[in-house]
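Source: prediction; values computed, not measured. Just so it is clear: chains get the letters A, B, ... in the order the sequence lines come, proteins before strands, and each one is counted from 1.
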There are 2 protein chains.
Amino acid sequence: MESTEIIKNAGLKITPQRKVVYEVMMELRHAAIDEIIKCVQSKDNEITISTIYRILDSFCKANLLSFVFHHEVGKSYYDITVTEHHHIFEGESILDYMDEGLTELIRQYLKEKNFASVDISRIQVQITINNLKLNSKK
Amino acid sequence: MESTEIIKNAGLKITPQRKVVYEVMMELRHAAIDEIIKCVQSKDNEITISTIYRILDSFCKANLLSFVFHHEVGKSYYDITVTEHHHIFEGESILDYMDEGLTELIRQYLKEKNFASVDISRIQVQITINNLKLNSKK
DNA sequence: GTGTCTGCAAAGAATTTGCAAAGAC
DNA sequence: GTCTTTGCAAATTCTTTGCAGACAC
C-alpha cells in the first residue's frame with residue numbers, strides 16, 4: 001500500500017511533509033529521532049525539526065507508528081510495525097520478531113500460573129543477542 | 001545487606017550522597033528520575049540535581065541499578081533489581097516479575113526455532129495488564 | 001471557505017560539563 | 001597526600017510552543 005493511502009486511512013490529512021516522513025519510516029523500519037530527522041531532511045531540507053516532531057507525534061497517536069526502547073543503547077526508536085510483535089536487540093540495531101506462537105505460549109503459561117484472572121493486554125519479549133547467526137532452517 | 005556494603009562491593013566509594021540515593025532506591029524499587037530527585041532532596045536538600053544524575057549514572061555502570069522503559073507512560077525508570085527479571089506494567093506503575101521458569105520456557109522455545117546457534121544474552125518479557133487482580137494461589 | 005498544518009524563532013525542559021573546594025581512603 | 005566526588009553555575013542538547021501565513025479538502 002502506498003504512503004498516501006496509509007496516512008489517509010489513519011484519518012490524517014495528506015501533506016508532502018507527512019508523506020516524506022512516512023516514506024522514510026518505511027525505509028528505516030526502526031529509527032531513533034536523530035536518524036529520522038537526518039533522513040527526512042536529506043530528502044527535503046525545507047522540513048523543519050519541529051514539524052518532524054509534530055508529525056511523528058501525530059503518527060503515533062494515529063497508530064501508524066509505535067515506539068521501542070532499546071535497552072542497551074538507552075534510547076527510543078520509532079517502529080513502523082504496529083501490530084503486536086517482539087524485538088531482537090543486537091548491538092545498536094533492532095529487529096522485529098513476529099512470532100504469534102511465542103506470544104501464545106507465554107499467554108498460556110501465565111494463565112496457568114498466577115495470572116488466571118488478569119486481563120493481559122500486551123506481551124512483548126525483548127531478546128538481546130550477541131552475534132546474529134540466525135539459522136535458516138525453520 | 002546495608003547500603004554502605006552494597007556500594008562498596010560494587011567498587012564505588014562511600015559518600016553520604018550515594019548512600020541517600022541508594023537508600024531511596026531501596027525504598028522506591030522503581031522510580032523515574034523526577035521522583036528520585038524529589039525523594040532524595042526531601043531527605044537531604046543539599047544534594048544537587050547534577051550530583052543525583054552523576055550518582056545514578058555511576059550506579060548503572062557499576063550494575064547497582066538497571067533501567068526499564070515504561071512503554072505506556074513513555075519514560076524510563078531506574079530499577080533496583082539488576083538480576084534478570086520481567087516486568088508487569090499496570091497504568092503508571094511497574095512491578096517486577098521474577099520467573100525463571102518463564103525465561104527458561106522461552107529460551108527452550110527459541111532454541112527449537114531459528115535461534116539454535118544464537119547467543120542469547122538476555123530475555124525480558126514485558127506484560128501490560130489492565131487491572132491487577134493477581135491470583136494468590138500458586 | 002474553514003480548519004488544520006507548517007516554518008520560524010523563541011521558550012522551556014532535561015541533562016551535562018568545567019572548575020574549585022571538600023571529602024574518602 | 002592523592003585521587004575522586006560534590007556543588008555551583010553555565011552551557012548544551014532536546015523538545016515544545018505561539019503565531020502568522022500556507023495548504024488540504
Check: Ser50(A) side chain, dC8(C) base, donor-acceptor under 3.5 Å: yes
Protein-to-nucleotide contact annotation, 5' to 3' order, nucleotides 19-25 of chain C [B base; S sugar-phosphate only; - none; under 4.0 Å, heavy atom]: -----SS
Spacing of Asn45(A) atom CG relative to dC8(C) atom C1', expressed in whole Å: 15 Å
Separation of dT15(D) C1' from Lys75(B) NZ (nearest whole Å): 16 Å
Helix axis bend for the helix from dG1(C)-dC25(D) to dC25(C)-dG1(D) - C1'-based end axes, five pairs, 10° rounding: 50°
Whole-Å distance separating the CG atom of Asp34(B) from the P atom of dA14(C): 8 Å
Residue list, salt bridge (Lys or Arg N to Asp or Glu O under 4.0 Å) with Lys8(B), at least two apart or on another chain: none
Sequence neighbours excluded - ring pair (Phe, Tyr, Trp, His ring centres under 6.0 Å) pairs with any residue from residues 26-51 of chain B: His30(B)-His87(B)
Closest to side chain of Tyr53(A), choosing from dG7(D), dT16(D), dT5(D): dT16(D)
Centroid-centroid under 6.0 Å between Phe67(B) and Tyr77(B) rings: no
d(CD1, Ile37(A); P, dT13(D)) in whole Å: 14 Å
Spacing of Ile33(A) atom CD1 relative to dC14(D) atom P, expressed in whole Å: 10 Å
Lys19(B) NZ to dT5(D) C1', straight-line distance once rounded to whole Å: 16 Å
Taking every non-hydrogen atom, the tightest pair across Ile120(A) and Arg107(A): O-NH1, 3.4 Å
Ring pair (Phe, Tyr, Trp, His ring centres under 6.0 Å) pairs, two or more places apart, involving residues 33-64 of chain B: Tyr22(B)-Phe59(B)
Aromatic ring proximity Phe69(B)/Phe89(B), centre distance under 6.0 Å: no
Reported CG-to-CD distance for the pair Asp44(A) and Glu23(A), which is rounded to 0.5 angstrom: 11.5 Å
Interatomic distance, Ile52(B) CD1 vs dA14(C) P [rounded to whole Å]: 14 Å
Phosphate contact (dC23(D) OP1 or OP2) by Gln17(A) side-chain N/O below 4.0 Å: no
Length of the CG-P vector between Asp57(A) and dT6(C), whole Å: 12 Å
Set of residues satisfying salt bridge (Lys or Arg N to Asp or Glu O under 4.0 Å) with respect to Glu46(B), sequence neighbours excluded: none
Under 3.5 Å side-chain donor-acceptor pair for Ser93(A) and His70(A): no
dT6(D) OP1/OP2 closer than 4.0 Å to side-chain N/O of Thr51(B): no
